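Atoms within each ligand, like the ligands themselves, are counted from 1 in listed order. Keep in mind that what you see is a predicted model, and the values were worked out from it rather than measured.
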Amino acid sequence: MRLILVGPPASGKGTQAQRLREILSVPQISTGDMLREAVKLGTKLGLSASECMAAGKLVGDEIVIGLIEERIQRSDCDGGFMLDGFPRTVVQAEALDELLGRMRTNVDHVVFLEVPRAILVERAIYRRTDKKTGQIYHLRYNPPPADAEVEHRADDEEETVNRRLDQYEAMTAAVAPYYEARGLLRRIDGVGTPDEVTERLLAGMRKS
Ligand code: AMP
């Protein structure tokens with residue numbers, strides 16, 4: 001099972017990927033998480049990515065393509081994987097096709113989470129992440145337990161979220177038609193409880 005989750009920032013890709021990883025028993029590969037880890041560790045990669053991330057801009061294609069190339073060739077991906085937050089440009093999608101072609105494999109499903117912009121902004125502003133486990137919460141609809149130590153992503157501040165959404169519309173929106181033209185895309189309504197959206201995702205994958 002090789003699955004790609006696409007959709008705008010805060011559409012629920014991370015939340016759904018955490019759930020599907022358990023259900024489908026495949027590793028979740030999030031370029032956002034990998035980059036945040038590199039920033040936290042202060043690696044060379046982290047230093048070069050941090051400015052773009054803080055500004056709500058996309059990191060250079062060659063950086064994220066390099067990360068994915070190394071990651072999906074590890075043995076835990078032999079039985080499949082789930083990409084969350086990659087590809088984010090048509091150049092990245094083409095590079096992934098080329099890489100999978102070299103590995104003599106391909107993508108099975110691409111699911112696109114559709115959520116209106118006003119809801120995306122609200123979700124980002126109320127999003128909190130458990131510092132230790134990475135578990136994602138929403139302060140109103142899925143609040144963290146009282147003893148959890150949570151943080152708010154700096155790029156989830158309203159102004160930066162709006163910039164990320166603009167970047168999404170300018171650069172990433174074209175990824176959906178790229179996969180649609182290849183007959184791989186399934187559009188899923190991403191508005192609802194996490195359980196409802198997981199059900200829709202699984203039903204969508206059973207159909208295709
Ligand atoms: P995310 O956690 O997926 O929302 O990603 C957080 C930030 O990491 C984004 O706003 C970008 O700055 C950067 N990033 C993550 N994935 C990519 C990607 N595939 N291409 C370019 N930048 C990315």
Side-chain angles (χ1 to χ4, degrees), residues 3-18 20-21 27-72 81-100 107 110-113 115 117 119-131 133-138 150-176 178-179 190:
L3 167 68
I4 302 179
L5 290 179
V6 292
S11 56
K13 300 187 297 294
T15 298
Q16 293 302 323
Q18 286 178 348
L20 292 178
R21 163 180 85 188
Q28 169 200 3
I29 300 175
S30 155
T31 40
D33 285 348
M34 291 162 92
L35 291 166
R36 272 186 292 279
E37 183 66 14
V39 171
K40 209 183 281 175
L41 294 173
T43 64
K44 213 167 130 196
L45 172 82
L47 288 175
S48 62
S50 64
E51 217 172 288
C52 285
M53 292 174 77
K57 293 186 185 153
L58 293 186
V59 169
D61 285 329
E62 63 294 342
I63 293 183
V64 284
I65 291 167
L67 279 178
I68 288 292
E69 183 157 12
E70 189 275 325
R71 182 65 187 85
I72 67 173
F81 54 78
M82 179 174 31
L83 300 182
D84 137 28
F86 181 96
R88 257 177 159 100
T89 63
V90 170
V91 170
Q92 293 176 21
E94 287 169 347
L96 180 64
D97 274 348
E98 200 260 326
L99 172 61
L100 293 176
V107 173
V110 182
V111 279
F112 177 63
L113 287 171
V115 178
R117 183 162 174 145
I119 296 181
L120 295 170
V121 175
E122 194 250 28
R123 280 189 185 175
I125 291 171
Y126 288 100
R127 172 157 58 185
R128 294 294 182 274
T129 310
D130 188 300
K131 277 189 184 178
T133 63
Q135 179 73 39
I136 301 166
Y137 297 99
H138 183 291
V150 293
E151 61 191 349
H152 188 218
R153 281 171 48 174
D155 63 351
D156 273 346
E157 297 297 336
E158 188 163 358
E159 198 188 323
T160 314
V161 171
N162 276 304
R163 216 168 311 129
R164 287 165 63 207
L165 288 167
D166 292 342
Q167 282 267 295
Y168 170 82
E169 277 156 26
M171 309 291 295
T172 312
V175 171
Y178 176 90
Y179 287 114

Quiz item: Within the distance-only criterion (no hydrogens, no angle test), does the side chain of Thr129 pair as donor or acceptor with the backbone N or O of Ile136 below 3.5 angstrom?
Solution: no
Quiz item: What atoms of ligand 1 come closer than 4.0 angstrom to any heavy atom of Arg164?
Solution: 4 (O), 10 (O)
Quiz item: Can you find an N/O atom of Val59 closer than 3.5 Å to an N/O atom of ligand 1?
Solution: yes
Quiz item: Are Asp156 and Arg164 within salt-bridge range, i.e. N to O under 4.0 Å?
Solution: yes
Exercise. Answer yes or no: are there more than 12 heavy-atom neighbours, outside Glu51 itself, under 6.0 Å from its atom CD?
Key: no
Practice problem: Could you find the nearest protein heavy atom to atom 11 (C) of ligand 1 and give me its residue, atom name and distance? | Solution: Lys57 O, 3.6 Å
Self-check item: Heavy atoms of other groups near Glu70 CD, more than 12 under 6.0 Å
Solution: yes
Quiz prompt | ligand 1 N/O within reach of Cys52 N/O, cut-off under 3.5 Å | solution = no
Quiz item: Crowded around Glu158 CD? As in, over 12 foreign heavy atoms under 6.0 Å?
Solution: no
Quiz prompt | Residues forming a ring-ring contact (aromatic ring centres under 6.0 Å, His included) with Tyr168, sequence neighbours excluded | solution = none
Quiz item: With backbone taken as N, CA, C and O and side chain as the heavy atoms from C-beta onward, which portion of Val64 lies under 4.0 Å from ligand 1: side chain, backbone, both, or neither?
Solution: side chain
Self-check item: Close approach of Arg36 to ligand 1, heavy atoms, under 4.0 angstrom
Solution: yes
Self-check item: Per-atom contacts, ligand 1 versus Thr31 - under 4.0 Å to a heavy atom
Solution: 15 (C), 16 (N), 17 (C), 19 (N)
Quiz item: ligand 1 versus Leu35, non-hydrogen atoms closer than 4.0 Å: side chain, backbone, both, neither?
Solution: side chain
Quiz item: With backbone taken as N, CA, C and O and side chain as the heavy atoms from C-beta onward, which portion of Arg153 lies under 4.0 Å from ligand 1: side chain, backbone, both, or neither?
Solution: side chain
Quiz item: Salt bridge check: are Asp166 and Lys57 linked by an N-O gap of less than 4.0 Å?
Solution: no
Quiz prompt | Option set Arg88, Lys13, Gln167, Met171, criterion heavy-atom distance to atom 1 (P) of ligand 1, minimum | solution = Arg88
Self-check item: Distance from atom 7 (C) of ligand 1 to nearest protein heavy atom, with residue and atom
Solution: Met53 CE, 4.0 Å
Quiz item: Where on Gln92 is there a heavy atom closer than 4.0 Å to ligand 1, on the side chain, on the backbone, on both, or on neither?
Solution: side chain
Quiz item: Do you see a donor-acceptor pair shorter than 3.5 Å between the side chains of Thr89 and Asp61?
Solution: yes
